[in-house]
Protein chains: 2
Amino acid sequence: MNDVAAAAGVALKTVSRVVNDEPGVNPATAEKVRGAIEALGFRRNDGARTLRRGHTSSIGVIVRDLADPFYSTLTRAVEEVALTHGFLVFTGSCDESASRQRELALAFCARRVDGIIIVPVGDDQRYLEPEIHAGVAAVFVDRPATNIDADSVLVDNVGGVRKGIEHLLARGHRRIGYIGDAPEIFTAGERVRGYRETLTAAGHLIDPSLIAMASPSRQGIRAALERMLLSSPSPATALFTGNSRITVTVLRELAELEASGQGLERRPALVSFDDFDLADLLTPGVTVIAQDPARIGRTAAELLFRRMEGGNLSPVRRELPTRLIPRGSGEALP
Amino acid sequence: MNDVAAAAGVALKTVSRVVNDEPGVNPATAEKVRGAIEALGFRRNDGARTLRRGHTSSIGVIVRDLADPFYSTLTRAVEEVALTHGFLVFTGSCDESASRQRELALAFCARRVDGIIIVPVGDDQRYLEPEIHAGVAAVFVDRPATNIDADSVLVDNVGGVRKGIEHLLARGHRRIGYIGDAPEIFTAGERVRGYRETLTAAGHLIDPSLIAMASPSRQGIRAALERMLLSSPSPATALFTGNSRITVTVLRELAELEASGQGLERRPALVSFDDFDLADLLTPGVTVIAQDPARIGRTAAELLFRRMEGGNLSPVRRELPTRLIPRGSGEALP
DNA sequence: CTGAAAGCGCTTACAG
DNA sequence: CTGAAAGCGCTTACAG
């Protein structure tokens, strides 16, 4: 910018005015400056600008895994809102590693992002307190933060599962197996709670042998299926799966079980938490409790921008609804 | 940092030394400084650091759509490599809008990213020339850049299609329909070229009525299917689909066509360019020519870091292989 | 082992 | 309408 000023024979400040379209510059002077900009190939350094202005017009997004369609759809929606405000977005995946999440979050804060959207991992987000205190806006998504008071956007997990279980109960199922993710994960805990509460409210007993909770591995799910469907004296006639990764693994294992002729006479009814691509094209189509990841992302981004715009708002907790989409698998009778 | 220095009673430079773990600081002094850092909740401003040092340790990634599994998997792989080098990554989606891509790319450059990975849209990337000249490393992915000489990572589209078509020819198919994306898109053009070349090399004539190229809409694909499969005097016995979005739409339309009883007696054989989730769980499983998006991303990131590390390398063009995965749909006989 | 000065490339606050 | 000075928060280059 200095070089441009020298080349145009004006002061630095005048170049700044032209570059930023500030009013009150003589058109002829402005033209001279633009000529110099062109000739030198000048491009404003937004890093320097940022340093002086005190905000960076950038936000960070930290998810479990950007390659997972749920998170990538969410992130894309955040991008969209950010673009509207002229903000750029950093992204980072941390899987289920709390330490990696922390490193990413602090790295984003060191770059002085104005805000951060984060799917919290681990049981303590207190490390973000100084950052938030220093002015970084934070919105927690999909799971609430622990030990820290901040905006969050959650899904009505309990209500979603309730819809699915009631759907199965209404069709006469009484032996409904539940296969969920590791119980440390907030959503996994909420969802299995929805299962228990719905059965109890309907006057049924909980049979622990019909519940399996673990990170989804083929062997673990295979074992759970064999226990619930084959070796039980009164096998499950229906399954509820706690997320789409589990659903897909269950479908693969069911197909193998059927092919292996191990005595699975009828495919159990199935309702899945989470919608997924091609669920409608399978035979039968998979009935799901759909979340809306784009809406989750949009809502989080809107909360974030509201908070960045200032004011002393008290933390907000939004809970988004789910939708049951019947496609066949959840309508099978016992 | 100034405040820390004052609180610790040392010079700014000493604080800088402690913060950056530079050697040659008296342990007692260092301890005093660390105490002040703790007390004041000091966190280094990486923006200022960046301004002084001349590089930002960040890169930008621009894809068509982060919500698309192909691009999100690619981006996740880039993230992984970046993390290894201690770099942060900006992401942006531009769909097929060249102007939005340009804005994003220039915004990243204004933030002085050290490098940029980009799936080019539009027919001219010359606008990036000054940026590259100014030192931004650039790697083009999935499609080559136009009017600019830079590293690129492509896929062997022609070879991939050849494998698929030969697979169908070997099973006796002679009427093979091709449904591809808009021909302006580089990969779409390459793939249909692979189709033509393979048929010609095998001594067959090209029948234009068996080729449909357009952005995938349900109606367009429905019309193409009706033309190729129903109203033709000698209908296609096999289809090759140019990408997974098209494949999925074709599958939906085939299912509807079958259900509607419009005279589709047998489902044609099908080979798809691009693998996709659940392709193995459909009935029949979908035979695909698989790309490896994670490998594409990793390769691009490695090229980028190689280039950022300097040297005066001439532009490299990598072409990654594809893999045919037979799953049933491509093995059906005419 | 420690520090004073200059400078990265901008914007802010002010003066003319 | 234009500009000179100070400063954002660091690191570089140098001196002691």
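Lettering of chains follows the sequences in order, A, B, ..., and the numbering in each one begins at 1.
- Here the side chain of A/R49 is nearest to one of C/dT2, D/dC10, C/dC10, namely C/dC10.
- Remark: P of C/dG9 and NE2 of B/H55 are 14 Å apart, rounded to the nearest angstrom.
- A salt bridge does not link A/E38 to A/R34: none of the charged side-chain nitrogens sits closer than 4.0 Å to a carboxylate oxygen.
- When distances run from any side-chain atom of A/A11 to the nucleotides D/dC1, D/dA4, D/dT11, the shortest one goes to D/dA4.
- The pairing partner recorded for D/dA4 is none, the criterion being a Watson-Crick or G-U wobble arrangement whose two distances lie under 3.5 angstrom.
- Among the protein residues, A/N2 comes within range of no part of the nucleic acid, since none of its heavy atoms lies under 4.0 Å from any strand.
- A/L12 places its CG atom 13 Å from the P atom of C/dT12, with the value rounded to the nearest Å.
- Taking atom CE of A/M1 as the reference point, atom P of C/dG9 lies 12 Å away to the nearest angstrom.
- Classification of the B/F305-B/F87 ring pair by plane angle, with boundaries at 30° and 60°, yields perpendicular.
- Note: CD (B/E22) to P (C/dT2) measures 13 Å, nearest angstrom.
- For A/T29, taking side-chain heavy atoms from C-beta onward, the closest of the listed nucleotides C/dT12, D/dT2, D/dC10 is D/dT2.
- In this structure, B/D46 reaches neither bases nor backbone, as no heavy-atom distance under 4.0 Å exists between it and the strands shown.
- Comparing B/A30 and A/R52 against DNA chain C, the residue whose closest nucleotide sits nearer the 5' end is B/A30.
- In this structure, A/I37 places its CD1 atom 14 Å from C1' of C/dG9, rounding to the nearest Å.
- Here the side chain of B/K13 is nearest to one of D/dG9, D/dT12, C/dT11, namely D/dT12.
- If you take CG of B/N45 and P of C/dC10, they are 17 Å apart, rounded to a whole angstrom.
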Inset, instruction - Take B/N147 and B/Q125 through the test side chain to side chain contact (heavy atoms under 4.5 Å, CB included) and record every step on the way to the result. - result: CA-CA 6 Å; B/N147 293 332; B/Q125 277 75 49; over 6 Å; no

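- Rounded to whole Å, atom C1' of C/dG7 lies 14 Å from atom CG of A/D3.
- Nearest heavy atoms, B/L304 versus B/I59: CD2-CG2, 3.8 Å.
- Distance CZ (A/R53) to P (C/dC10): 13 Å, rounded to an integer number of Å.
- Comparing C/dT11, C/dC1, D/dC1 by their nearest atom to the side chain of A/S16 picks out C/dT11.
- Across all strands, A/V10 comes closer than 4.0 Å only to sugar-phosphate atoms, never to a base (heavy-atom distances).
- Under a 4.0 Å N-O distance rule, the pair A/E80/A/R76 qualifies as a salt bridge.
- Residue B/R17 places a side-chain atom within donor-acceptor reach of the base of C/dG3, judged by atom type and a 3.5 Å distance cut-off alone.
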